[in-house]
Amino acid sequence: MTDKSNVEFLEREALFFHSTGRPGKIEIIASKPMATQRDLSLAYSPGVAVPVRAIAEDPATAYDYTAKGNLVAVISNGTAILGLGNLGALASKPVMEGKAVLFKRFADVDSIDIELKTEDVDKFIDAVELMEPSFGGINLEDIKAPECFIIEQTLKERMNIPVFHDDQHGTAIIAAAGVINAAMLTGRDMKNMRVVVNGAGAASISCTELIKALGVPNENVIMCDSKGVIYQGRTEGMNQWKSAHAVKTDCRTLAEAIRGADVFLGLSVAGAVTQDMVKSMADKPIIFAMANPDPEIAPPDVLAVRPDAIVATGRSDYPNQVNNVLGFPFIFRGALDVRATGINEAMKLAAATAIADLAREQVPEEVAKAYGRSHSFGPDYIIPAPFDPRLMEVVPSAVAQAAMETGVAQKPIEDMAAYRQSLKARLNPTTSVLTTAYEVAKANPRRVVFAEAEEEVVLRAAIQFRNLGYGIPVLVGRDHVYDKLKELGVQDPESFELHNSVNSPLVPDMVDLLYSRLQRRGHLRRDCERMVNRDRNIFGALMVKMGHADAMITGMTRPFAQTLREVRRVMDPAAGRTPFGIHVMVSKDKTVFLADTVVNERPSSSELADIAEGTVAVARRMGHDPRVAFLSYSNFGNPPGDHLESIRGALRVLDERNVDFEYEGEMTADAALNPAVAKNYPFSRLSGPANILVMPGLQSANISAKLLRELGGVTAIGPMLVGVEKSVQIATMSSNASELLTLAVLASAGVAV
């Protein structure tokens, strides 16, 4: 696919994504029950009067009785939107909504976007200041320099809650963490480093200030802008913020300034740095080319002339990504949790140091796999990956500690160890692992068959699978699939690999293989020829079976059971495995795995044990410590019944296998999930609520999965088919492109096997 075609498709998909269903990316939901009259009377009149009076008497109790303590406003006037410039307040709304999503996704911070229709600095300041009672913190975003400096500083002076301009400080904190580690790897002392900064906007100035706070002497830092070096005595294009970093120097150009420099920090424009400039730098140069979307110089161009260099960019397709999401969600998390009155320099330095320290620790296996380049601290891994789940524990606690030590914490944390544990519990590990799976797929792209390529939703998923770098889609369908690709905006549809059974050279070998499998099951050779030629699922499954692809996605045009029957004509169970299906139910703070939801109608004791073991393996790959409950209508024989023996037998099988996970049963769903009910059974072997529910039969399992999906409140992933010799995933007929893409990635990344 050409770059132009890729961009056009992405544009259409982005608009489709933002407009489908409920427009936008955020919604407001109630955190308390609102089902009964009693609920409403407590939530509003007359019950609401009680916290009103309490807050009037003691304003600090607003943090106890309202959402203020976990609520951040993301505020912009749209004067510097991403790399798009001044497009106005309304145009900035998608970005601000996106920022709110990141706050929630990474640090469980509630956030609301506010777009102010003014470029008047005083009006902007007044509007934000008046909103202080509503929020626990203010995140300023996409405001052009130099106005952003005035706005942030004035609001910090006037407001008694954290005010943070992420465009300035977010990049600076992550860059500082990277510089700390790069200096360590190259044996440099901050006090002796020579640094050149290219760019004099908000982020550049904040980076410069933070580097100096780390110990780099003022006279060792030369800042450049579009007019050249910012030196003492220069008058052209100057302001008070640039002047603060002017130094005595004879250098007048970037090329002159960078000669012999140890560190280059670029926050300017693509192509600002040449290979000759890189050659002129000191030994083992540290180059942070952070211009977006294209860096000042590409890492391959740096390493071609200076293989001893350590390079970072703002891009995810190169090592050492300087990504603000490593910082701002966790910085606000720590600041909110101690009710900080502001975010000071010590808190920013604490965040940078914590991030740097994390990169030097042993990298968890799931992060190492996802990062795909370096599995340990070194030149290609000086900054943690954005999806490293340890960030949630490490950075907020460091920020909170710094806030307490500098006297800005109004609610100090007494037990830091307990606080760190609470941070780990705030986020559902599934969300991090799903992100990791996408990165694993990128690092190890596989060939995945999309068996129903004549369906538009399938093609959308296949295009995204390729465009986003997750692997190679192998399309199965008739030749008019190319026309459909063109209709979807693909300018070079023939670049997609398409297999048509009418003219495929694979057909004779496929027929031979299928006939050898089915000839003693009532099928003639012509039956097998007909199946290969007419049935996409048979054709696609045979491609995987014969090694022409690594996995397959299907299910959009036929019921699951029918599709599974077709696949099983080609595929065998994996050695020693029982094929079964898992639905993964993901809510805000927990994940529950349901099995078997699609294959075995009345599993035997040994099959139930197999299902438990297989689900445990998937749960562990998704970051969970498994606790298995074998569900029933009965709790340990009460009431008695005729269908309990298979469940009890499954426990005996697991006892004999001496497995390394917790399991218990037979038990009801509430006994498995509700600690209050579980207390009635102190002999239970489960140390906490179950997260794997093995159902006694297909009816209860399938009904439960579909009820939960339709009732809402959870995101359902699956069904995932596991225990088959090759990875084949069968989606539901109502699946959208995003769900198909997720299944394809899980299959490709080895999660669903």
With distance as the sole test, does [X] use its side chain to make a donor-acceptor pair with the main-chain N or O of [Y] at under 3.5 Å?
X	Y	answer
Arg333	Met392	no
Asn181	Ala356	yes
Lys279	Arg306	no
Gln168	Ile205	no
Lys411	Val338	no
Ser243	Asn239	yes
Asp276	Ala255	no
Lys25	Ala100	no
Asn320	Ile382	yes
Thr353	Ala350	no

### Query
Where do His165 and Glu141 land on the side-chain hydrogen bond (donor to acceptor under 3.5 Å, both in side chains) test, with the steps shown first?
CA-CA 6 Å; His165 185 205; Glu141 193 79 17; over 6 Å; no
Looking only at the side chains, is there a donor atom on one of [X] and [Y] sitting less than 3.5 Å from an acceptor on the other?
X	Y	answer
Thr313	Arg315	no
Thr171	Asn324	yes
Thr79	Asn77	yes
Asn160	Thr341	no

### Task
Apply side-chain contact (heavy atoms from CB on, under 4.5 Å) to Gln275 and Val302, showing your working.
CA-CA 6 Å; Gln275 288 182 316; Val302 172; over 6 Å; no
Closer than 4.0 angstrom, basic N to acidic O: yes or no for [X] and [Y]?
X	Y	answer
Asp262	Lys284	no
Glu132	Arg158	no
Asp225	Lys227	no
Arg390	Asp388	yes
Lys123	Asp126	no

### Task
Could you walk me through whether Ser206 and His169 pass the side-chain hydrogen bond (donor to acceptor under 3.5 Å, both in side chains) test, one step at a time?
CA-CA 6 Å; Ser206 186; His169 310 301; 2.9 Å; yes
Could you check whether atom [atom1] of [X] has more than 12 heavy atoms from other residues, nucleotides or ligands sitting under 6.0 Å from it?
X	atom1	answer
Glu414	CD	no
Asp250	CG	no
Lys212	NZ	yes
Leu130	CG	yes
Glu236	CD	no

### Message
Rounded at 0.5 Å granularity, tell me how far CZ in Arg360 sits from CG in Leu185.
### Response
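Here the rounded value is 9.0 Å.
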### Query
Can you tell me how far OG1 of Thr154 sits from CD of Glu129, rounded to the nearest 0.5 angstrom?
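One gets 9.5 Å once the value is rounded to the nearest 0.5 Å.
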### Of Phe328, Phe164, Phe330, the residue whose pairing with Phe103 passes ring pair (Phe, Tyr, Trp, His ring centres under 6.0 Å)
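Only one option passes, and that is Phe328.
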### Candidate pair Asp166 and Asn139, rule side-chain hydrogen bond (donor to acceptor under 3.5 Å, both in side chains), full reasoning
CA-CA 7 Å; Asp166 185 50; Asn139 183 98; 5.5 Å; no
### Task
Check step by step if side-chain contact (heavy atoms from CB on, under 4.5 Å) holds for Val163 and Ile343.
CA-CA 7 Å; Val163 177; Ile343 295 174; over 6 Å; no
### Task
Start with the C-alpha distance between Ser268 and Asn198, add both sets of side-chain angles, then the distance that settles side-chain hydrogen bond (donor to acceptor under 3.5 Å, both in side chains), and finish with yes or no.
CA-CA 6 Å; Ser268 52; Asn198 197 48; 2.9 Å; yes
